[in-house]
Amino acid sequence: MAPQLSRETIELVRNSVPVLEAHGSDITKAMYARLFKDDHIKALFNHANQGEGGSQVHALAAAILGYAKNIENLGVLGPVVERIAHKHIGYHILPEHYPYVAEALLAAIKDILGDAATPAVLTAWGEAYWFLADILKGRENVLRDEIESRSGGWNGWRRFTISSKVKESDVVTSFTLTPSDGGRVIRHRPGQYLTFRLPLLGGGLAKRNYSISCGPNDETYRISVKREANGQGGSLYLHDHTEVGTEVEATPPAGDFFLPDEPKTPIVLLSGGVGLTPMVSMLETIARDYPELEAHFIHGALNSSTHAMDKHVRGLASLRDKLSVKTFYSDPGLGDAAGLSHDYDGFITVDWLRSQTPFETSEFYLCGPKPFLRALVPALSRAGVSSDRIHYEFFGPADELLAA
Ligand SMILES: Cc1cc2nc3c(=O)[nH]c(=O)nc-3n(C[C@H](O)[C@H](O)[C@H](O)COP(=O)(O)OP(=O)(O)OC[C@H]3O[C@@H](n4cnc5c(N)ncnc54)[C@H](O)[C@@H]3O)c2cc1C
Ligand code: HEM
């Protein structure tokens with residue numbers, strides 16, 4: 001039987017949650033201060049988003065509190081564990097890092113609860129933390145072993161050489177990455193991302209996820225990156241400071257957002273802006289491996305100047321009768337015209353999807369900016385699409401999207 005927390009531990013943890021929750025930002029601050037005292041742990045985190053309210057530390061503290069709230073119903077954790085475990089693989093978080101968070105968390109709880117942090121309460125939190133940490137470490141070990149044992153697999157940071165750099169639109173550029181060691185790459189699952197460490201403008205390294213925008217193969221990956229002019233350096237480095245021959249470092253493909261191995265039901269791929277990258281990987285895979293599968297690639301862009309990879313996507317669709325492509329421009333440019341440069345003016349809506357796709361049977365895959373997901377994910381649910389048919393990726397920490 002799976003190990004269980006004792007009733008006493010559950011009660012002690014549960015009773016202290018309301019006070020800790022009431023001091024949500026204090027716990028984040030206190031954890032941050034402890035955790036980043038150690039430079040080696042600090043370096044694991046993403047420093048562009050850092051700061052006392054840095055979203056990563058916030059995500060971690062929020063996840064632990066969320067877990068404590070659900071401590072009697074840990075079944076709800078399944079999908080969350082999977083998402084966090086994949087993130088941790090990308091950031092190369094190892095079992096030996098877990099004690100640092102335990103120490104920081106318990107010290108933060110002590111700071112906030114004051115006298116109420118009796119030895120019994122702290123022991124209970126310690127047990128509860130390690131219960132969750134063991135679940136994560138267990139899953140991460142399985143994922144790591146699986147990745148390492150597959151052809152082309154590796155562990156930790158590996159060097160890649162940019163073997164082509166192609167401008168896809170005014171804002172998006174694609175980079176093909178070939179292993180510098182001359183070896184093969186692991187075949188990713190279409191939809192997964194790579195994690196890079198890239199120089200920041202102000203010095204130091206940023207960890208950044210980029211979805212792989214090509215179908216799985218043994219030789220190369222492709223990523224397609226939007227230039228964030230006001231960012232701190234990840235995308236600016238790739239756009240402005242690399243050329244063919246530049247080397248970058250990446251951990252293996254990770255992420256729990258991917259096309260199933262043998263897709264059977266119709267697939268609707270919905271993307272906004274640069275959120276098209278995992279969808280292009282899925283579309284390439286469907287075009288190559290599943291000729292009988294009905295799939296709809298539906299993309300929203302501002303206008304033709306920002307619209308990336310259209311020719312490639314339409315080329316793929318032209319190979320198969322069962323693939324369709326439709327594009328929406330929310331802010332058509334002077335030379336844009338519906339029917340020529342794109343299919344429709346405006347935004348993708350659920351009413352349109354209902355009338356133009358096999359709505360009752362499709363699996364929906366979505367990726368795009370916050371407003372895009374915030375508009376479409378709840379609307380699909382309201383229109384009766386069950387949550388197990390709605391799959392989405394967000395290009396940021398999960399708690400940011402949930403908070404939105
Ligand atoms: C799973 C996943 C997959 C992803 N896939 C892709 C992909 O395929 N293609 C892609 O282009 N991106 C992708 N991303 C996003 C990518 O990881 C980066 O977040 C993105 O490139 C921005 O990084 P940056 O370093 O250039 O900018 P950042 O420094 O992270 O800045 C991003 C934006 O935040 C704002 N900002 C930054 N710092 C501050 C500050 N101090 N104050 C106020 N505002 C600030 C700026 O407006 C800026 O435009 C993905 C993200 C995830 C999580
Ligand atoms: C029980 C323990 C832990 C929990 C509950 C937890 C929870 C989380 C959560 C919720 C995220 C965000 C996932 C997402 O946005 O999709 C995350 C990401 C991350 N975690 Fe953990 N974590 C734990 C342990 C650790 C440890 C031990 C470390 C390293 C010392 C660590 C480092 C990171 C990093 C670097 C990220 C990536 C942040 C990003 O999205 O940019 N975590 N973790």
Side-chain angles (χ1 to χ4, degrees), residues 31 35-36 38 40-51 54-68 77 80-105 128-137 140 168 171-175 191-196 198-202 206-213 222-240 254-257 271 273-281 308 367 369 393-402:
M31 265 186 74
L35 203 55
F36 292 173
D38 190 306
H40 142 82
I41 296 296
K42 187 173 175 181
L44 295 171
F45 283 81
N46 209 340
H47 288 282
N49 261 337
Q50 206 200 96
S55 60
Q56 285 75 31
V57 189
H58 182 260
L60 207 163
I64 291 172
L65 285 182
Y67 152 73
L77 283 178
V80 184
V81 163
E82 196 60 15
R83 183 178 163 110
I84 300 173
H86 278 272
K87 271 278 153 163
H88 284 170
I89 293 289
Y91 279 75
H92 199 36
I93 303 303
L94 298 171
E96 60 262 36
H97 298 137
Y98 277 82
Y100 291 89
V101 171
E103 196 267 322
L105 174 72
Y129 169 80
W130 282 109
F131 188 86
L132 176 59
D134 287 343
I135 296 175
L136 283 169
K137 283 193 299 176
E140 287 158 21
E168 306 279 9
V171 287
V172 175
T173 291
S174 288
F175 302 82
Q192 288 191 308
Y193 54 81
L194 295 171
T195 305
F196 295 82
L198 301 166
L200 282 171
L201 298 179
K207 312 262 170 59
R208 291 288 182 267
N209 302 134
Y210 290 105
S211 302
I212 300 167
S213 65
R222 180 180 63 209
I223 56 168
S224 304
V225 177
K226 180 181 171 200
R227 186 174 185 280
E228 291 287 351
N230 299 321
Q232 301 187 30
S235 65
L236 288 178
Y237 174 77
L238 287 168
H239 274 257
D240 302 347
D256 61 340
F257 174 78
S271 57
V274 75
L276 89 176
T277 52
M279 307 306 172
V280 175
S281 178
C367 183
E393 181 68 286
F394 169 57
F395 284 176
D399 67 326
E400 241 178 55
L401 182 65
L402 292 174

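First listed ligand is number 1; within each ligand, the first listed atom is number 1.
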Selection from His40, His88, Lys87 by shortest heavy-atom distance to atom 43 (N) of ligand 2: His88
Test salt bridge (Lys or Arg N to Asp or Glu O under 4.0 Å) applied to Lys137 - qualifying residues, sequence neighbours left out: Asp134
Atoms of ligand 1 close to Tyr193 [distance to a heavy atom under 4.0 angstrom, numbered from 1]: 1 (C)
Residue-ligand contact Ser224/ligand 1, heavy atom below 4.0 Å: yes
Partners meeting salt bridge (Lys or Arg N to Asp or Glu O under 4.0 Å) with Asp240 (sequence neighbours left out): Arg227
Pairing of Glu168 and Lys226 as salt bridge, 4.0 angstrom limit: no
Nearest neighbour of atom 26 (O) of ligand 1 from the list Ala254, Pro278, Ser235, Gly231, on a heavy-atom basis: Ser235
Backbone or side-chain N or O of Arg83 under 3.5 Å from ligand 2 N or O: yes
Per atom 36 (C) of ligand 2, closest listed option by heavy atom (Tyr67, Trp130, Tyr129, Tyr91): Tyr91
Proximity winner for atom 30 (O) of ligand 1, if only heavy atoms of Glu228, Gln232, Arg208 are counted: Arg208
Shortest non-hydrogen separation from Glu228 to Ser235 and the atoms involved: N-OG, 2.9 Å
Side-chain heavy-atom pair Leu238, Thr173 within 4.5 angstrom cut-off: no
Option with minimal heavy-atom separation from atom 20 (C) of ligand 1, where the choices are Phe395, Phe257, Tyr210: Tyr210
Aromatic ring pairing His239/Phe175, orientation class (parallel under 30°, perpendicular over 60°, tilted between): perpendicular
Contact partition for Leu136 relative to ligand 2, non-hydrogen atoms under 4.0 Å: side chain
Tyr98-ligand 2 polar pair, N/O distance under 3.5 Å: no
